[in-house]
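These values consider heavy atoms only, across backbone and side chains, with no hydrogens, waters or symmetry-generated copies.
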Amino acid sequence: MTIRRIHAAPGSIEPVGPYSQAVVANGFVFTAGQVPAKSSLEDQPETFAEQVRQTIRNLEAALIEAGSGLEHVVKVNTYLTEPDQLAEYNAVYEEFFGPHKPARTSVCVSLWGVSLEIECVAVVPAQEEK
């Protein structure tokens with residue numbers, strides 16, 4: 001079995017700890033939790049809706065670097081800081097996942113300096129032979 005570790009996707013902030021943003025193994029990509037940071041933890045969108053969009057864009061960047069994409073996500077874990085964020089989160093989430101509805105768990109937790117974190121598991125499609 002080959003395991004490929006992606007420390008940081010191009011255009012993403014460096015991980016804030018000793019971990020990879022994504023790991024590819026056995027045809028799947030497993031992402032670390034992504035947050036709404038643009039260039040640093042101090043650089044986050046102002047509104048919650050834009051924070052969700054930025055977080056999903058960061059997730060997408062890790063998936064693309066791993067050879068996958070949002071359309072291949074099979075499981076999402078979402079961590080919100082306030083229960084009343086769920087309706088707004090769902091509205092933005094649907095912009096990205098639309099009819100493709102991965103299995104999902106959403107929980108409310110305390111996070112360090114961010115309003116949400118999202119991680120996922122996705123399939124890495126087989127590369128066509130040329």
Side-chain angles (χ1 to χ4, degrees):
M1 168 174 60
T2 302
I3 296 176
R4 184 165 66 103
R5 290 170 173 74
I6 299 163
H7 178 68
S12 297
I13 67 167
E14 289 287 316
V16 296
Y19 60 86
S20 298
Q21 280 188 341
V23 175
V24 180
N26 276 355
F28 289 94
V29 57
F30 303 85
T31 71
Q34 302 297 306
V35 297
K38 293 192 251 183
S39 61
S40 71
L41 285 176
E42 290 75 34
D43 183 15
Q44 298 180 35
E46 288 187 31
T47 69
F48 181 70
E50 282 305 314
Q51 290 174 7
V52 175
R53 287 182 187 95
Q54 184 62 48
T55 302
I56 295 174
R57 286 183 199 112
N58 292 346
L59 186 68
E60 183 175 36
L63 291 170
I64 289 169
E65 183 66 15
S68 189
L70 292 175
E71 69 278 13
H72 299 291
V73 172
V74 295
K75 176 70 167 106
V76 173
N77 290 323
T78 301
Y79 308 94
L80 303 172
T81 56
E82 300 293 331
D84 61 356
Q85 294 170 318
L86 188 59
E88 189 172 12
Y89 172 78
N90 281 337
V92 175
Y93 179 93
E94 194 160 19
E95 291 174 17
F96 289 87
F97 289 99
H100 169 72
K101 294 187 177 10
R104 190 179 93 190
T105 300
S106 298
V107 296
C108 212
V109 299
S110 178
L111 296 169
W112 300 276
V114 295
S115 60
L116 77 150
E117 187 169 349
I118 304 171
E119 65 182 24
C120 75
V121 177
V123 173
V124 178
Q127 300 297 317
E128 291 184 27
E129 305 226 3
K130 296 185 180 193

For this session: Applying side-chain contact (heavy atoms from CB on, under 4.5 Å), run through Val52 and Phe96 and close with a yes or a no.
Result: CA-CA 10 Å; Val52 175; Phe96 289 87; 6.0 Å; no
For this session: Evaluate side-chain contact (heavy atoms from CB on, under 4.5 Å) for Phe30 paired with Glu119, printing each intermediate quantity in order.
Result: CA-CA 8 Å; Phe30 303 85; Glu119 65 182 24; over 6 Å; no
For this session: Verify side-chain contact (heavy atoms from CB on, under 4.5 Å) between Ser20 and Ile6, making sure each step is shown before the conclusion.
Result: CA-CA 5 Å; Ser20 298; Ile6 299 163; 5.7 Å; no
For this session: Decide yes or no on side-chain contact (heavy atoms from CB on, under 4.5 Å) for Val123 and Phe28, but give the supporting numbers first.
Result: CA-CA 4 Å; Val123 173; Phe28 289 94; 3.9 Å; yes
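Residues Pro45 and Gln51 are in side-chain contact: their nearest non-hydrogen atoms beyond the backbone lie under 4.5 Å apart. Under the 4.5 Å side-chain criterion, counting only non-hydrogen atoms from C-beta, Gln54 is not in contact with Gln44.
Annotation: the span from Glu14 atom CD to Ser39 atom OG amounts to 12.5 Å, rounded to 0.5 Å. Here Leu111 contributes atom CG and Leu80 contributes atom CG; the two are 8.5 Å apart, rounded to the nearest 0.5 Å. We find the OH-NZ distance between Tyr93 and Lys101 to be 8.5 Å, quoted to the nearest 0.5 Å. Taking CH2 of Trp112 as the start and CD of Glu117 as the end, the distance is 8.0 Å to the nearest 0.5 Å. The CG atom of Leu63 sits 6.0 Å away from atom OG1 of Thr31, with the distance rounded to the nearest 0.5 Å.
Phe97 and Val124 fall within a single hydrophobic cluster, where Ile, Leu, Val, Met, Phe, Trp and Tyr side chains are chained together by heavy-atom contacts under 4.5 Å. When hydrophobic clusters are built by joining Ile, Leu, Val, Met, Phe, Trp and Tyr residues whose side-chain heavy atoms come closer than 4.5 Å, directly or via intermediates, Val121 is not grouped with Tyr19. Transitive grouping of hydrophobic side chains (ILVMFWY, heavy atoms separated by less than 4.5 Å) keeps Val74 and Val23 in distinct clusters. Both Val92 and Ile118 sit in one connected hydrophobic cluster of ILVMFWY residues. Membership requires side-chain heavy atoms under 4.5 Å apart, directly or through other members. Note on Phe48 and Leu86: same hydrophobic cluster, where clusters join Ile, Leu, Val, Met, Phe, Trp and Tyr whose side-chain heavy atoms are under 4.5 Å apart, directly or indirectly.
A salt bridge is absent between Glu60 and Arg57; no separation between the charged side-chain nitrogens and carboxylate oxygens falls under 4.0 Å.
With 3.5 Å as the limit, one finds no donor-acceptor pair spanning the side chains of Glu94 and Asn90. For the residue pair Tyr89/Thr78, the side-chain donor-acceptor check at 3.5 Å is satisfied. In summary, the side chains of Thr2 and Arg4 do not present any donor paired with an acceptor at a separation below 3.5 Å, with no hydrogens or angles considered.
The backbone N or O of Thr47 sits nowhere less than 3.5 Å from a side-chain atom of Glu50 that would complete a donor-acceptor pair. Panel note: side chain His100, backbone Val73; a donor-acceptor pair is recorded below 3.5 Å. Remark: side-chain polar atoms of Gln34 are not paired, donor with acceptor, to backbone N or O of Thr55 under 3.5 angstrom.
When all heavy atoms of Pro125 and Ser68 are compared, the closest pair comes out as CD-CA, 4.2 Å. Across Gln21 and Ser12, no two heavy atoms sit closer than the pair NE2-CB, 3.5 Å. Pairing each heavy atom of Asn58 with each of Val35, the nearest pair is ND2-O, 2.7 Å.
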